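What follows is a set of notes on a single structure, which appears directly below.
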Amino acid sequence: MVEPIRKSTREQREEWLRQCHYNVFMLRADQVYIDCITDSGTGAMSDRQWAALMMGDESYAGATSFYRLKETINRITGFDYVLPTHQGRAAENVLFSYLVHEGDYVPGNSHFDTTKGHIESRKAFAIDCTIDEAKDTQLEHPFKGNVDLKKLEKALTEHAGKVPFVIVTITNNTAGGQPVSMQNLREVSAMCGKYNVPLIFDSARFAENAYFIKTREEGYKDVTIKEICREMFSLADGMTMSSKKDGLVNMGGFIATKHEEWYEGAKGYLICFEGFLTYGGMNGRDMDALAVGLDENTEFDMLETRIKQVQYLAAKLDEYGIPYQRPVGGHAIFLDADRILTHVPKEEFPAQTLTVELYREAGIRGCEIGYILADRDPVTKENRFGGLDFLRLCIARRVYTNNHMDVIAAAIKNVYDRREQITRGLKIVWEAPLLRHFTVKLAPAGEE
């Protein structure tokens with residue numbers, strides 16, 4: 001579908017920023033000119049997906065739509081046991097309710113917000129084992145999402161008996177949409193086997209990860225995306241999936257695993273939190289659309305068209321000399337706020353400040369993936385300033401044209417050109433104890 005794009009004045013945007021307490025999640029969609037806050041559920045479905053909607057079986061139990069979806073998931077992943085959920089965080093909630101307990105430690109590669117939230121809400125601890133190369137945003141490294149094996153082994157030995165699983169996010173969103181190599185996945189899988197610890201993939205963008213393996217890793221040039229996906233998942237015990245990304249639906253998710261024990265243990269939580277085993281929070285028509293979406297989006301041509309639009313925007317930023325996490329990932333540009341707003345101290349949240357400035361400039365909405373998203377340390381209650389501080393600009397699939405990319409790039413350049421004048425950031429005036437970035441209230445630093 002084509003949606004109207006509404007222009008606004010700078011004065012209007014200033015007032016809207018005040019009204020939403022400088023948290024762009026709280027803006028109304030019709031106050032946004034180009035929306036890059038997420039690629040989750042915002043893509044345009046294909047004609048075959050819209051046709052599949054008409055075949056939806058809305059039976060409460062035993063819907064044929066579920067079995068069509070299950071067959072597709074089994075064919076792509078090799079996992080026999082499938083539990084549908086309404087989205088990715090629901091899949092985490094169901095599976096982690098069964099697997100994660102107080103005092104546990106869960107190593108991974110830069111756990112994304114809901115993943116970390118579901119771990120820490122259970123009084124467990126997330127351990128980041130991402131390679132150090134990911135911290136240097138200007139370094140050209142093909143697989144910055146990789147797990148550092150020394151860090152992982154240290155976590156597994158120090159917390160032996162308290163690690164319910166290792167989780168690897170493919171692609172690694174928090175580190176800048178960066179892929180994980182097949183070689184690294186093999187090595188992580190082998191180490192998990194050595195210590196008898198299961199391995200789970202956070203698989204929201206697994207197809208894009210497969211694309212980067214095909215285009216960047218030796219030995220995979222002539223291997224199909226579906227074959228790469230099957231090989232990746234053969235290395236894991238299970239997966240959680242937000243189908244709103246690489247499944248190309250507006251709502252949906254699932255758990256898939258090779259372990260019947262996990263299926264049996266998690267299904268009670270599914271029924272409690274989501275719905276019956278054969279719909280789990282999804283409509284039948286959405287399960288049919290997802291089955292088609294998974295099949296279509298694990299084809300090279302579809303992935304290449306999508307990823308090259310993100311690369312087009314990155315090339316524009318290169319022309320303007322604007323720093324972002326390099327090399328560009330598959331679903332978004334991650335602007336390096338610490339390198340752009342050098343006069344804004346970390347205590348005043350440079351990436352959130354940059355997010356506000358870009359909206360103020362042109363009505364473009366991005367998402368802070370940085371110090372606010374990191375939440376406070378659950379033990380010390382101090383802000384976590386040790387990670388990267390990004391403004392993420394997600395590109396929805398099959399929604400915007402390259403002309404929109406030109407507008408985004410020009411707006412970023414305008415902010416970048418006046419960066420020396422931006423010397424103050426934002427302060428928190430109210431925050432939730434967990435996943436605060438969704439609802440945080442902010443004010444300009446220095447204001448009473």
Side-chain angles (χ1 to χ4, degrees), residues 40-41 43 45 48-101 114-115 117-119 121-122 164-165 167 198 200-204 206 233 236-298 435:
S40 180
M45 291 196 298
R48 289 183 61 233
Q49 285 182 286
W50 280 106
L53 285 171
M54 298 298 104
M55 299 295 293
D57 177 359
E58 305 302 339
S59 301
Y60 184 92
T64 56
S65 297
F66 167 75
Y67 291 103
R68 286 190 285 268
L69 173 60
K70 182 182 177 183
E71 185 279 327
T72 303
I73 293 170
N74 175 257
R75 178 162 40 85
I76 291 171
T77 69
F79 293 134
D80 291 324
Y81 300 98
V82 176
L83 292 170
T85 62
H86 81 272
Q87 65 182 74
R89 71 193 62 179
E92 292 169 342
N93 188 36
V94 169
L95 187 59
F96 292 9
S97 291
Y98 174 61
L99 293 177
V100 180
H101 302 95
T114 60
T115 313
H118 280 300
I119 293 167
S121 69
R122 290 166 171 80
F165 55 83
I167 189 162
I200 292 174
F201 291 162
D202 177 349
S203 308
F206 75 91
F233 289 117
D237 294 270
M239 64 184 288
T240 58
M241 177 72 181
S242 172
S243 303
K244 299 164 68 177
K245 285 82 167 176
D246 278 357
L248 257 173
V249 289
N250 303 126
M251 187 59 69
F254 59 86
I255 300 161
T257 178
K258 65 183 182 182
H259 296 304
E260 184 178 9
E261 177 191 348
W262 285 13
Y263 174 82
E264 294 295 332
K267 71 182 186 182
Y269 295 103
L270 183 87
I271 293 170
C272 182
F273 298 149
E274 293 288 295
F276 188 61
L277 304 177
T278 54
Y279 78 92
M282 293 186 71
N283 297 310
R285 55 185 175 270
D286 291 328
M287 289 190 283
D288 269 308
L290 174 55
V292 174
L294 287 169
D295 200 34
E296 290 183 339
N297 205 41
T298 47
L435 295 171

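Computation of the quantities below employed the complete heavy-atom set of this structure, encompassing side-chain atoms and omitting hydrogens, waters and symmetry-equivalent molecules. Owing to the predicted nature of the structure, the values given are computational and were not obtained by experimental measurement.
- Looking at heavy atoms from C-beta onward, H259 lies out of side-chain contact with Y81 at the 4.5 angstrom threshold.
- Residues G247 and M241 approach most closely at N-CE, 3.9 Å, considering heavy atoms.
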Residues Y60, Y279; criterion ring pair (Phe, Tyr, Trp, His ring centres under 6.0 Å); working and verdict
CA-CA 7 Å; Y60 184 92; Y279 78 92; 5.0 Å; yes
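- Shown here are the salt bridge (charged side-chain N to carboxylate O under 4.0 Å, His left out) partners of R75, two or more places apart in sequence or in another chain: E71, D295.
- For the pair K258 and D237, the minimum side-chain heavy-atom distance is below 4.5 Å.
- Qualifying side chain to side chain contact (heavy atoms under 4.5 Å, CB included) partners for Y67, counting only residues two or more places apart in sequence or in other chains: T278.
- Sequence neighbours left out, not one pair with a member in residues 270-284 passes salt bridge (Lys or Arg N to Asp or Glu O under 4.0 Å).
- F206 pairs by the ring pair (Phe, Tyr, Trp, His ring centres under 6.0 Å) definition with F233, not counting sequence neighbours.
- Qualifying ring pair (Phe, Tyr, Trp, His ring centres under 6.0 Å) partners for H101, counting only residues two or more places apart in sequence or in other chains: none.
- Annotation for G253 and S243: closest pair CA-OG, 3.4 Å, computed over non-hydrogen atoms.
- The backbone N or O of A61 lies less than 3.5 Å from no partner atom in the side chain of S59, so there is not a single donor-acceptor pair.
- Using a 4.5 Å heavy-atom threshold, the side chains of N250 and M45 count as touching.
- At a threshold of 4.5 Å between non-hydrogen side-chain atoms, the residues W262 and L83 do not count as touching.
- Residues F79 and N74 come closest through the heavy atom pair O-ND2, 3.2 Å.
- Taking K70 as the reference, nothing meets the salt bridge (charged side-chain N to carboxylate O under 4.0 Å, His left out) condition, with sequence neighbours excluded.
- No side-chain heavy atom of L270 sits less than 4.5 Å from a side-chain heavy atom of I255.
- Residues meeting the salt bridge (charged side-chain N to carboxylate O under 4.0 Å, His left out) test with R285, sequence neighbours left out: E58.
- Heavy-atom neighbours of M55 CE from other residues, nucleotides or ligands within 6.0 Å: at or below the threshold of 12.
- From L99, atom CG reaches atom CD1 of I200 across 5.5 Å, with rounding to the nearest 0.5 Å.
- The distance from atom CE of M282 to atom CG of L69, rounded to the nearest 0.5 Å, is 6.5 Å.
- Judged as a ring pair (Phe, Tyr, Trp, His ring centres under 6.0 Å), and not counting sequence neighbours, the contacts of F96 are F165.
- Closest approach of D246 and N297 over heavy atoms only: O-ND2, 3.0 Å.
- For the atom pair D288 CG and R68 CZ, the distance stands at 4.0 Å (nearest 0.5 Å).
- Using a 4.5 Å heavy-atom cutoff, the side chains of V82 and T77 are not in contact.
- To the nearest 0.5 angstrom, D57 atom CG is 8.0 Å from M287 atom CE.
- Residues passing the side-chain hydrogen bond (donor to acceptor under 3.5 Å, both in side chains) test with S242 are K245, sequence neighbours excluded.
- With contacts defined as side-chain heavy-atom distances shorter than 4.5 Å, the pair V249/Q49 qualifies.
- The salt bridge (charged side-chain N to carboxylate O under 4.0 Å, His left out) check on R122 picks up nothing, with sequence neighbours excluded.
- Within the structure, salt bridge (Lys or Arg N to Asp or Glu O under 4.0 Å) pairs that include any residue of residues 76-89 do not occur (at least two apart or interchain).
- In this structure, P84 and F66 approach most closely via the heavy-atom pair CD-CE1, 3.7 Å.
- Not counting sequence neighbours, T72 has no partner by the side-chain hydrogen bond (donor to acceptor under 3.5 Å, both in side chains) test.
- Here the side chains of L294 and F254 are in contact, with some heavy-atom distance below 4.5 Å.
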